[in-house]
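These notes concern the structure reproduced below.
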Amino acid sequence: MYRGRLHDNIMSAIAFPEPDLATVQRRDDIIAGLARLVAPECLITSKDEMRAFETDALTAYRRMPLAVVLPRSTDEVSAVLRYCSTQRVKVVPRGAGTSLAGGAIPQEDAVVIGVSKLSRILEFNRQNRTVRVEAGVTNLAVSAAVSPEGFFYAPDPSSQLACTIAGNIAMNSGGAHCLKYGVTTNNVLGVKVVLIDGTIVELGGEALDVPGLDLLGLMVGSEGQLGIVTEATLRVIPIAEGARPVLFGFDSSEQAGAAVAAIIAAGIIPVAMEFMDRPAIEICEAFAKAGYPLDVEAMLIIEVEGSDAEIDASLARIIEIARAHGVRVIKESQSAMETAQIWKGRKSAFGATGRVADYICMDGTIPTGQLPFVLRRISEIVAGYGLRVANVFHAGDGNLHPLVLFNANDPADQAKAEAAGNDVLRLCVEVGGCLTGEHGVGIEKRDLMTVQFSAVDLDQQMRVRAAFDPEWLLNPVKVFPLEGRTAWGVEPVILSDAIEGEARDIGRMHGALAREVALKNRPFTKPVVILSGGETTVTIRDGIYGKGGRNTEFLLSFAHDITGIAGIDALAADTDGIDGSEDNAGAFADGESLARIRAAGVDPKALLVGHDAWTAFNAGGDLFVPGPTGTNVNDFRAILVR
C-alpha cells in the first residue's frame, strides 16, 4: 500500500497485461448493451467520472476501466455478469476501493461492477444473533444497526468507516478486535453470490455449519475471482459488560514481542493486543493526543473485557507476564473518553503516517513465537536499504504491518522501498508465516506467490478458480502470477499428431493422445484442442508441429475416445488436409465433416480453420480465419460459428 504524497510520474514495477484491443474497440457496443440492463444513474462511462474508480488504496497503480456499473439489486448484478460473460468482457468487482493490495484496480478492457448501491440492512434476527445485509453496507454500519439491541459486529479493520462487507469478504479482513472473535471468515455464516454466467447461488445460512463441502469458506478471501457477493448473513455478538485497554511500554521491540508470545502461550486471549514501535508511537501521539508514552521504544495496547472482577483478574496475569519481560510503563484507561483516544490513535496510524512520509504497508503474518526475531530482522532489512520503518500491527495473531517509509519524489527510493517490503514478506514465509493476513494478495503480492507456494500448489488453486470462472473473466490480473497460466483456461491446450518432425501413424496414436488430453484437461470446463496435420508441416508453438495425413480418421477416433470428458467443446485444425486433401474448405462447407464429428459425440462450439491453427486461435476465440486455399467463407461461418 502506498500512502502520502505519491505522484503519478512514479513508474510502477508491477506488470499489467496489455488490454485486449478487440474488446476496447467494441467499447461503444458494450456500453450500449449495459445501458439496456441498468438505469442511467447506474452506468458511468465518462473518463472524468470514472477517474474515481481507476485505483484503490494502492494509489501508485491506476488504470481507466472500460465502464463502471453500479447495480441496485442482485438481479441486476446477475444480468450484468451474464452479459459480460456472453460478450467475453472482463469484470473487476469493487467494494469501497479501500483495498491495500490493489485488489480493485481495473483494466482498460474490463468493466467495474461496484456494490455501493447495495446498501440496505435487510434483517436482524435477535434469537439467532445474526444480521442479513446487502454487500455494499459499510463495516461500521453493521454495528451501528445492531448496537441499540446490545450487539456488535466483531471484525473491525482500520477502514471500517468506509470499507464494505463485500470487500471484507473478498479479502477476509481482520482488525484489532479479531484476536478474540476471529476475522471475517469466522463471522460470516452465509452469502448470496452471483457467478460469472449470472447464476445466483446461496452458500451457508443462519446455522453455524452446513452439510457438504465448505464452499462458503472457499468464497471468503477469494478476492472477487469466484463470484460477486451481493448479500451476507453475519454473526453478531453481545456487547461485553465492560472493556479496558492498558498501555505497556518497553525498552525494546524484542522485549515487547517476547511479552506477546508469553501472554498467548499462557492461554490468555485478550480482546485486542496491538503493537507500536517508537516511530509509530510518536507519529500517532502527535496526531491523536492519546497519552501514549514517548520515552519507550515499543508499546502494546492490550484490551480485556468482562465484568470489573474479570477484567481485574485478566489484567493481573497480563501485568505479571509483562513485568517478567521488562515492562517499564503500565497505564490503564480511566474513562470511556480515554479509551476512545487510545483507539483513535491506533485506528488512525496509517493516515497519521501519511501526513509525515510516503510509505508502503506490508501485511505478512508469522507465528507469535517468532516476533522478537522477526522484529529485529525487519529493522535490519529496512536499514540495509537506507530507509526507516514504523511498525504498527495486530501482535496477538502475528499479523504484521511494517510501514516502510520513503520519498515518493525519488524513483530510486521507491524501488528500494518495494525491495525492502518484498524481503520482509519473504522473511515472514521463511519463519513459517504467510504473505498476507488480511489485506489480500491483489497485485501487490501476486508475483511473490511462488515464494509461498510451489508450482503444484498454484496449479491446484488455479484448477479451483477455473471451475468457477473457466475463461478467467473475473478480476483476472490479481492473485496468480501472470506467467504459468497457459493450461488453465486462459490459453488452449495444444496437441499435435507429430512431434520433432517424426511422422506418426495417427490411426495407431489416437488412443495415447486421447489419454494424454484426458489427464491434462479433466479439471477444465472449456478446454480447446488444436489438431494440426495435413501434407504441409504447420508450426504451432515451441517446435511442436504436425505432419502427415489421415487427419479425419484421427479426429473421429479422438472424438470418440474423449466423449466422456466433460467440457471438450472446441476443436481446431489447419486447412491442409484434415480430410486428407489440399483444399478442405469445400468439404467442411457442406457440413459433412461437422456432422461426422457431432455423430461421434462431440459438439464443437466452433471450428477454427486457417493455414496455421495457432494463428487462427490467437486471432479470436470463435473466429474463422481462411487459409490461402480456403473457399466458401460465408458458408463456413454460417455452418460452424455459433
Side-chain angles (χ1 to χ4, degrees), residues 30 33-34 37-38 42-44 53 56 65-99 101-107 110-120 122 132-139 163-173 184-185 188 190-204 215-234 440-442 464-479:
I30 293 168
L34 294 170
L37 303 175
V38 296
C42 299
L43 180 61
I44 302 172
F53 299 88
D56 54 19
L66 199 69
V68 177
V69 186
L70 304 175
R72 296 170 299 185
S73 68
T74 296
D75 287 340
E76 285 190 355
V77 173
S78 173
V80 172
L81 275 179
R82 186 181 304 111
Y83 173 77
C84 290
S85 177
T86 59
Q87 296 295 315
R88 301 183 70 177
V89 174
K90 302 178 184 71
V91 171
V92 176
R94 185 182 180 95
T98 59
S99 170
I105 294 176
Q107 299 163 242
V111 170
V112 169
I113 298 181
V115 298
S116 58
K117 291 184 181 293
L118 301 174
S119 56
R120 295 180 299 160
L122 298 174
R132 186 166 61 89
V133 304
E134 289 185 322
V137 170
T138 62
N139 176 286
C163 65
T164 64
I165 293 300
N168 291 176
I169 291 173
M171 297 301 186
N172 192 22
S173 301
T184 298
T185 192
V188 174
V191 295
K192 180 177 289 186
V193 60
V194 184
L195 306 182
I196 185 60
D197 64 355
T199 301
I200 301 171
V201 298
E202 296 189 26
L203 306 175
L215 296 179
L216 175 62
L218 186 65
M219 192 63 62
V220 178
S222 60
E223 304 200 21
Q225 293 198 316
L226 306 185
I228 296 181
V229 173
T230 59
E231 291 183 16
T233 300
L234 309 174
V441 175
V464 174
R465 189 210 186 289
F468 286 82
D469 179 19
E471 298 186 79
W472 285 61
L473 296 177
L474 278 169
N475 224 9
V477 176
K478 317 300 167 47
V479 182

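Scope of the values below: all heavy atoms of this structure, side chains included, with no hydrogens, waters or symmetry mates. Residue numbers count from 1 along this sequence.
To the nearest 0.5 Å, the span separating OG on Ser99 from NZ on Lys478 amounts to 7.5 Å. Rounding to the nearest 0.5 Å gives a distance of 11.5 Å between CD1 of Ile228 and CD1 of Ile200. Separation of atoms CG (Asp197) and SG (Cys84) is listed at 12.5 Å; rounding is to 0.5 Å. A distance of 4.0 Å separates CD1 in Ile196 from CG in Leu474, rounded to the nearest 0.5 Å. For the atom pair CD (Gln87) and CG (Leu473), the distance works out to 11.0 Å, reported to the nearest 0.5 Å.
Taking Ala104 as the reference, Asp56, Arg94 meet the side-chain contact (heavy atoms from CB on, under 4.5 Å) condition, with sequence neighbours excluded. Every residue was checked against the side-chain hydrogen bond (donor to acceptor under 3.5 Å, both in side chains) condition with Thr185, not counting sequence neighbours, and none meets it. Under the side-chain contact (heavy atoms from CB on, under 4.5 Å) criterion, Ser222 pairs with Met219, Leu226, sequence neighbours left out.
Minimum interatomic distance between Asn475 and Gly103 (heavy atoms only, all atoms of both residues): ND2-O, 3.1 Å. For Ile169 against Val188, the heavy-atom pair with the smallest separation is CG1-CG2, 4.1 Å. Of all heavy-atom pairs spanning Val229 and Ala166, the tightest one is O-CB, 4.3 Å. Listed here is the closest heavy atom pair of Val92 and Pro106: CG2-CA, 3.9 Å. In terms of heavy-atom proximity, Thr184 sits nearest to Ser173 at OG1-O, 2.7 Å. Contact record, Leu81 with Leu195: CD1-O, 3.4 Å, taken as the closest heavy-atom pair.
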Working for side-chain contact (heavy atoms from CB on, under 4.5 Å), residues Lys90 and Val477: CA-CA 10 Å; Lys90 302 178 184 71; Val477 176; over 6 Å; no

Verdict with supporting geometry, Leu218 and Phe468, side-chain contact (heavy atoms from CB on, under 4.5 Å): CA-CA 11 Å; Leu218 186 65; Phe468 286 82; 3.7 Å; yes

Residues Leu216, Val191; criterion side-chain contact (heavy atoms from CB on, under 4.5 Å); working and verdict: CA-CA 7 Å; Leu216 175 62; Val191 295; 3.7 Å; yes

CA sep, side-chain torsions, deciding dist, call: Thr199, Val194, side-chain contact (heavy atoms from CB on, under 4.5 Å): CA-CA 6 Å; Thr199 301; Val194 184; over 6 Å; no

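Identified under the salt bridge (charged side-chain N to carboxylate O under 4.0 Å, His left out) test for residues 222-231, with sequence neighbours left out: Arg132-Glu231, Lys192-Glu231. Residue pairs meeting the salt bridge (charged side-chain N to carboxylate O under 4.0 Å, His left out) criterion with at least one partner in residues 75-85, sequence neighbours excluded, are Arg72-Glu76.
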Validation: residues 113-120 side-chain donor-acceptor distances under 3.5 Å, sequence neighbours left out:
residue	atom	partner	partner atom	Å
Arg120	NE	Glu134	OE1	3.3
Arg120	NE	Glu134	OE2	3.3
Arg120	NH2	Glu134	OE2	2.9

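By the 4.5 Å heavy-atom criterion applied to side chains, Thr164 and Val137 are not counted as neighbours. At least one side-chain heavy atom of Tyr83 sits under 4.5 Å from a side-chain heavy atom of Ile30.
A donor-acceptor contact shorter than 3.5 Å is absent between the side chain of Glu471 and the backbone of Arg88.
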